[in-house]
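For reference, the structure is listed below as structure tokens.
One-based numbering, in listed order, for ligands and for the atoms of each.
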Amino acid sequence: MRLLALLTALAGTATCAAGSRLSGSRDVAAGVERRQDAEATYKAHTLDVPIDHFPHSPRYPSHVKGTFKQRYFFDSSYYKSGGPVFLYIGGETSGESRFSNLKTGIIQILMQEFNGLGVILENRFYGESYPFNTSTTDELAYLTYEQSVADNQYFATHATFPGIEGNLTAPGTPWIMYGGSLAGALTAFTMKTYNDLFAGGIGSSATTKAVLGYPQWYDPIMKYGPSDCISRIIDIVDKIDDIIDSKNQKAIQAVKDIFGLGSLTSLGDFAMTIAFPIGGPMNYPTNTWQELNWHPAYSAGEDFYHFCSNITNPSPPSSISSIDTALSKYTNGAPWTGLGGYVHYIKTILLPLCTTGRLNSTDPGCFSTQNQTFYADPSNGGARSYLYSTCSEAGIYQVAPPHGPSLISRALQIPYTQQWCTWAFPPGKHNRIPSTPALGYVNKYGGWDVRAPRLALIDGDVDVWVDLCHHSNLKSGIRISSEEYPSYLIAGAGHHWDSAGILNVSAEPDYIREAHLWEIRTVRGWIEGWKGGEGY
Ligand SMILES: *[C@@H]1O[C@H](CO)[C@@H](O)[C@H](O)[C@H]1NC(C)=O
Ligand SMILES: *[C@@H]1O[C@H](CO)[C@@H](O)[C@H](O)[C@H]1NC(C)=O
Ligand SMILES: *[C@@H]1O[C@H](CO)[C@@H](O)[C@H](O)[C@H]1NC(C)=O
Ligand SMILES: *[C@@H]1O[C@H](CO)[C@@H](O)[C@H](O)[C@H]1NC(C)=O
Ligand SMILES: *[C@@H]1O[C@H](CO)[C@@H](O)[C@H](O)[C@H]1NC(C)=O
Ligand SMILES: *[C@@H]1O[C@H](CO)[C@@H](O)[C@H](O)[C@H]1NC(C)=O
């Protein structure tokens, strides 16, 4: 997720005008959100859902009674009586920002194939599905993976679809879930917990493993990014970190000054800002490797390649090339090859986003995060909800690797992100966040090894999140699919790239087409075998 999203949302100025800033989180929605909002056409319905599904659990000592209105949106244009229900798990964004999945994406593909009904369920504490008017630490206690998983179960057994004849609840009607990213993990955990209820579930790029620090986010970029660009960034970062390690304050100031960021007192903020074009910790205003997509309408990846072509520009003007040697006195005369292009990009693309000019502030678009008051604002907002999940149970702080080459400065470590948690969620009466995320609440479902009959796990091998998924490189051995536990790794694909479609599977690029055909075959098996939950 991206902090600038958080900044914007907390400031109460949440708007898509800021482009990708709102697209926080593990998810890819940047381009998708911007484009789809304009064509929002599905009507919002609501279901009254218990705020607390676990009235006897000590995890929720305040045991709030009552319900909240959880929003859902459905498409019945392909539906024929007796058809299945395809439930798109909303995850960490608004229901509206998922509409493309009903119109042209995976749910559309499945609805068309099986005469099904497609429905998006908005996650609690996102969009307009807030149980409370604010999001204090006590109120956010009810935002947990297990409560969201229970929402899916509750929805499948209580949903009504105005205008559609008959009772479509599960398990009488076959229900098949689909979720990408965090929603993919929720899909997997729902299949694991309420297996008898669902005919099947597809977790796409399902981040089922929780870890505290996640330096691997940068691995696919290092591995597959333009190699001369990558090696130059690594070399520049090494030089910056050597200067930081030297504690030579004059030299450190010179490094910050050359990027125009001399006023950032926090080294973490400086390191985060120059990491923005690659992807700063939870936070970046332009599009990165993660926002690439096979589907041109959703790909927002040009930013990353432009950044790189600035760094690899073979014939920059002397005003830019001279910067390569401006800091050479700190490196025994060695040039900082590519620094001029890097600095030029930061100064022309990033700095102007801070329209108030107060670079060292939390004003929208600016570059400081050192502001407790700012974080402590309890107003509802998706970025705040996502930060709470991160701080309380999911972790996955983007940090520099402990050894070896790095695309981001080693100034970016766990405490930098943890500080935001501490500021944002002071202890409440009934709830307090742990000193670091309580990962066990997520990993109890199985982490990389989560398994459930009829749970399909599909990943992309160039995805920045893949190492938290079933096909993680951190797990040894090749994963072999089976009918009971289907899995698929799309070579060359990023973060849940199977979500998107073009209304004609045959015309898709072959690697996406084959993944979609596999999903169709898998789902066909589930639907044909479904016996209303009894003796599957
Ligand atoms: C929440 O806000 C709504 C609309 O402003 C108001 O009607 C309601 O009373 C508020 N609820 C609480 C618990 O403050
Ligand atoms: C639908 O069927 C289920 C299971 O038979 C039942 O519990 C539920 O009340 C029914 N819902 C409606 C709206 O009739
Ligand atoms: C930058 O902001 C921080 C936090 O508000 C403050 O402590 C620091 O003095 C500021 N630095 C400069 C150079 O103004
Ligand atoms: C540098 O980045 C800008 C902004 O994306 C882009 O327009 C420009 O073409 C890039 N310059 C080079 C030399 O690639
Ligand atoms: C800190 O945050 C508050 C509340 O959002 C804001 O009014 C103030 O301007 C911020 N200060 C700085 C230095 O960013
Ligand atoms: C779908 O794409 C295939 C392959 O390009 C093409 O032959 C077919 O006509 C297309 N179908 C429709 C309905 O456009």
Side-chain angles (χ1 to χ4, degrees), residues 19-20 30-31 45-49 72 74 78 81-82 84-85 104 108-109 111-113 117 119 153-175 194 196-199 225-226 228-230 232-233 259-260 274 276-278 284-289 291-292 294-295 299-324 337-353 501-514 516-517 520 530-534:
S20 56
H45 301 267
T46 62
L47 181 69
D48 293 326
V49 175
Y72 61 102
F74 71 90
Y78 296 94
S81 181
V85 172
T104 60
Q108 183 278 328
I109 291 170
M111 286 192 294
Q112 182 174 35
E113 188 69 28
L117 179 142
V119 54
Q153 173 273 144
Y154 192 88
F155 184 71
T157 49
H158 293 81
T160 58
F161 300 100
I164 307 296
E165 296 250 330
N167 183 335
L168 267 61
T169 55
T173 294
W175 277 56
Y194 303 102
D196 291 348
L197 199 56
F198 293 91
D228 49 351
C229 170
I230 296 303
R232 285 177 181 194
I233 296 171
F259 283 96
I274 63 168
F276 275 167
I278 305 154
Y284 45 88
T286 50
N287 293 297
T288 70
W289 187 263
E291 285 74 44
L292 296 168
W294 68 272
H295 192 309
S299 184
E302 291 309 301
D303 290 345
F304 176 77
Y305 291 123
H306 283 152
F307 167 62
C308 264
S309 62
N310 273 265
I311 289 181
T312 57
N313 184 2
S315 49
S318 62
S319 59
I320 290 179
S321 59
S322 62
I323 295 175
D324 285 8
T337 309
L339 179 66
Y342 197 151
V343 162
H344 177 71
Y345 189 87
I346 295 288
K347 284 187 163 175
T348 55
I349 304 297
L350 271 303
L351 299 200
L353 297 177
I502 53 172
L503 293 171
N504 183 351
V505 172
S506 322
E508 292 170 352
D510 56 2
Y511 66 126
I512 299 297
R513 180 194 66 215
E514 289 308 311
H516 281 152
L517 292 175
I520 290 170
W530 189 242
K531 301 197 178 73
E534 284 159 43

Phe155 side chain near Val119 side chain, heavy-atom distance below 4.5 Å: yes
Sub-4.0 Å protein heavy atom near atom 5 (O) of ligand 2: no
State the atoms of ligand 4, each with its element, that fall below the 4.0 Å cut-off from a heavy-atom position in His306. 1 (C), 2 (O), 5 (O)
For residues Leu339 and Ile323, report the shortest heavy-atom separation together with the two atoms involved. CD2-O, 3.7 Å
Under-4.0 Å protein heavy-atom contact, atom 9 (O) of ligand 6: no
When you measure from the side chain of Trp175 to the backbone of Thr157, do you find a donor-acceptor pair of N or O atoms at a distance under 3.5 Å? no
Does the side chain of Phe307 reach to within under 4.5 Å of the side chain of Ile278, using non-hydrogen atoms? yes
Between Asp303 and ligand 4, find which residue part has any heavy-atom pair under 4.0 Å and reply side chain, backbone, both or neither. neither
Rounded distance [0.5 Å steps], CD in Gln108 versus CE in Met111: 6.0 Å
Record the part of Phe307 in heavy-atom contact with ligand 4 below 4.0 Å; permitted values are side chain, backbone, both and neither. neither
Structural part of Asn310 in contact with ligand 4, heavy atom criterion under 4.0 angstrom: both
Per-atom contacts of ligand 2 with Thr169, taking only distances under 4.0 Å to non-hydrogen atoms: 1 (C), 2 (O), 3 (C)
Ignoring hydrogens, what is the shortest heavy-atom contact between Arg232 and Ile311? Give both atom names and the distance. NH1-O, 2.9 Å
Between Pro277 and Phe304, the two heavy atoms sitting closest are O-CD1, 3.8 Å
So do Glu508 and Ile109 actually touch side chain to side chain, heavy atoms under 4.5 Å? yes
Could you tell me whether atom 14 (O) of ligand 6 has a protein heavy atom closer than 4.0 Å? yes
N/O of Asn504 under 3.5 Å from N/O of ligand 6, yes or no? yes
What protein heavy atom is closest to atom 3 (C) of ligand 2, reported as residue, atom name and distance in Å? Asn167 ND2, 3.5 Å
When only distance counts, is Asn313 in polar contact with ligand 4, meaning an N/O pair under 3.5 Å? no
